[in-house]
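Okay, structure first, notes after.
Each chain gets a letter, A, B and so on, in the order the sequences are listed, and its residues count up from 1.
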There are 2 protein chains.
Amino acid sequence: MSVLNNAADVLRCFGNDCPDLTVSDVVKLLGMPKANASRLLKAMREANMLETIGDSHRHRPGRLMLDLAAAYRRSSLLIGRASEVVAEASSTFGHTGYISVRDGKEVTAVADFQGTNALRVVSNIGRRLPAHLSATGRSLLARLGEETVHALYAGHSALHDLSEQLSKVRHQGFAYSSQEATPGVDAIAISVADPRTDEAVSLCIVYPHALVDTKGRDEMIAALAKGAARIAEDLGDSAFVAPRI
Amino acid sequence: MSVLNNAADVLRCFGNDCPDLTVSDVVKLLGMPKANASRLLKAMREANMLETIGDSHRHRPGRLMLDLAAAYRRSSLLIGRASEVVAEASSTFGHTGYISVRDGKEVTAVADFQGTNALRVVSNIGRRLPAHLSATGRSLLARLGEETVHALYAGHSALHDLSEQLSKVRHQGFAYSSQEATPGVDAIAISVADPRTDEAVSLCIVYPHALVDTKGRDEMIAALAKGAARIAEDLGDSAFVAPRI
DNA sequence: ACTTGAGTTCCATTTTATGGAACGACTCGG
DNA sequence: CCGAGTCGTTCCATAAAATGGAACTCAAGT
């Protein structure tokens, strides 16, 4: 089913900095004969996997794709439970929260809860980030064994640093970052898993560095920790480490 | 490219009340030989369009699909502008807001903004609703010509009622529903379009009926109307009707 | 009018999908 | 422990696709 793989490759092109695609974009990005690219996009259009923007030749994901992320969320008890916790914490503290999943060396947010404070971190749902460069990602990587992480990041220059960070996360029970991915933005993240389905998600709160002191941070960690601990207990996540602040 | 169509049909199965699919579900729903269903799901799995839940035979949309809704949002200036307006209104009034698009006779939310009030309407992003049964849908249908609506709803028993409702919407410049789709929930919706791309979106606020009187409702209409009017002006939406309260 | 670039269509060849049937894995009830 | 039922996968010859080079259209830009 090489068409399917080609179609998937096209969809993968809609990355962080590519809101739309033309036939020649696809030719360039995937190195495909343009006859194929043309027919492929046409077929994807007819299947509602893509749609053209206005009457231009630019394509974006089609209506069919709009509901799938929601279906993903609905398929997972774990995501639902985690969303309740983060929604509550986001509402209480006024900061933006996420639920994220890991996919190899990347993490993606699957749900977001906008903060209510005047100064808040803007949601970036649907953007893939390198797992090792964010608190969310590290909280998820920390769930993997030391060896698994080594295998995943074999040959990666950041492996040594990462290992140290992860053992700290494993010990603390939460991941923390201060102004790492974005200047002025701090994040806390706690992961929890559903052993029945092998899923792991990260509960994350992001907030402006200038607005929160250590005490405020610890209150948020405690709030997430409490919710995560209950989820871990209910679903039987024996690997869960209760955060120690 | 019939595989693509079959794959699209499978994805379409992830509707409102179907969080996951097995091979036999696909056989039943699509009337496909089970050999094909088995191979199709396998291929879709390998293309990351689907993934299995844990080690069961149940499938849900794959990681590849998670970012596409976000890519759709990013591809549209109109959605971005509309999101700003609704986020602001949602934050000001504390009620939940949406941005929705129409797809034939259905509407889907593409972005949502959770309310902050203790009693608020829970977001239902990614659920397809019949356009004629919601304020959001009617605000979008009202943009179509009378004839287009007739063609779209030809033979539909609700056509007569709908026509009346739509002419009211056209005249008022906004759509309103009280306890229509959900008991106790009211909604206001205003649509605006980008003539450059032929897109139309609906800006919508939903709120508990018991919490808002006519004055409060009119304030929200005014807030949405102001934002929508600015978008209409900036993008050149000449069909926009400024709401009269 | 000529060039350039993007997109589509054509056609013979190769590759892939199709679906009936056989097969393997698992569950339930006796 | 057996057999019926359900579910999913694999096999195979046939039928139906995708493939890619080249020709073609269309719309700028010079």
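- Listed by chain and number, the residues in a side-chain hydrogen bond (donor to acceptor under 3.5 Å, both in side chains) with A:Asn48 amount to none (sequence neighbours excluded).
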With the criterion being N/O to N/O and under 3.5 Å, what pairs connect the protein with nucleotides 4-14 of chain D, and how long is each?
| residue | atom | partner | partner atom | Å |
| --- | --- | --- | --- | --- |
| D:dG8 | OP2 | B:Ser24 | N | 2.7 |
| D:dG8 | OP2 | B:Ser24 | OG | 2.2 |
| D:dG8 | N7 | B:Lys34 | NZ | 3.1 |
| D:dG8 | O6 | B:Lys34 | NZ | 2.8 |
| D:dT9 | OP2 | B:Ser38 | OG | 2.7 |
| D:dT9 | O5' | B:Ser38 | OG | 3.4 |
| D:dC11 | N4 | B:Arg39 | NH1 | 3.3 |

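- Atom pair A:Asn5:CG and C:dA17:C1' shows a separation of 14 Å (rounding to whole Å applied).
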Check: Can A:His132 and A:Arg138 be said to form a side-chain hydrogen bond (donor to acceptor under 3.5 Å, both in side chains), step by step?
Finding: CA-CA 6 Å; A:His132 70 285; A:Arg138 287 191 299 269; over 6 Å; no
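- Sorted by first and then second residue, the salt bridge (charged side-chain N to carboxylate O under 4.0 Å, His left out) pairs with a member in residues 62-81 of chain B read A:Arg128-B:Asp67, B:Glu51-B:Arg63, B:Arg81-B:Asp234; sequence neighbours excluded.
- In the helix from C:dA1-D:dT30 to C:dG30-D:dC1, the rotation axis of the first five pairs and that of the last five pairs differ in direction by 40°, rounded to 10 degrees.
- Take A:Glu46 and apply the salt bridge (charged side-chain N to carboxylate O under 4.0 Å, His left out) test, not counting sequence neighbours, and it matches no residue.
- Using a distance-only test at 3.5 Å, with no hydrogens or angles considered, a donor-acceptor pair links the side chain of B:Ser83 to the main chain of B:Ile79.
- A distance of 14.5 Å separates NE2 in A:His171 from CG in A:Leu166, rounded to the nearest 0.5 Å.
- Distance alone, capped at 3.5 Å, is enough to place a donor-acceptor pair between the B:Thr22 side chain and the B:Asp25 backbone.
- The CG-P distance, from A:Leu4 to D:dA17, rounds to 15 Å in whole Å.
- Under 4.0 angstrom from either OP1 or OP2 of C:dT18 there lies at least one side-chain N or O belonging to B:Asn6.
- A heavy atom closer than 4.0 Å to some atom of DNA chain C occurs in no member of residues 47-56 of chain B.
- Every residue meeting the side-chain hydrogen bond (donor to acceptor under 3.5 Å, both in side chains) condition with A:Ser202, not counting sequence neighbours, appears here in chain and number order: A:Ser139.
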Set out, line by line, the N/O atom pairs under 3.5 Å between protein and nucleotides 28-30 of chain D.
none

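- Heavy-atom minimum distance, A:Phe14 versus A:Asp20: CE2-CA, 3.9 Å.
- Remark: A:Arg12 engages A:Asp9 in a salt bridge (charged side-chain N to carboxylate O under 4.0 Å, His left out) (not counting sequence neighbours).
- Partners of A:Arg230 under the side-chain hydrogen bond (donor to acceptor under 3.5 Å, both in side chains) rule, at least two apart in sequence or in another chain, do not exist in this structure.
- Legend: residues meeting side-chain hydrogen bond (donor to acceptor under 3.5 Å, both in side chains) with A:Glu84, ordered by chain and number and at least two apart, are absent.
- The salt bridge (charged side-chain N to carboxylate O under 4.0 Å, His left out) contacts involving residues 193-202 of chain B comprise A:Arg60-B:Glu199, where partners must be two or more places apart or lie in separate chains.
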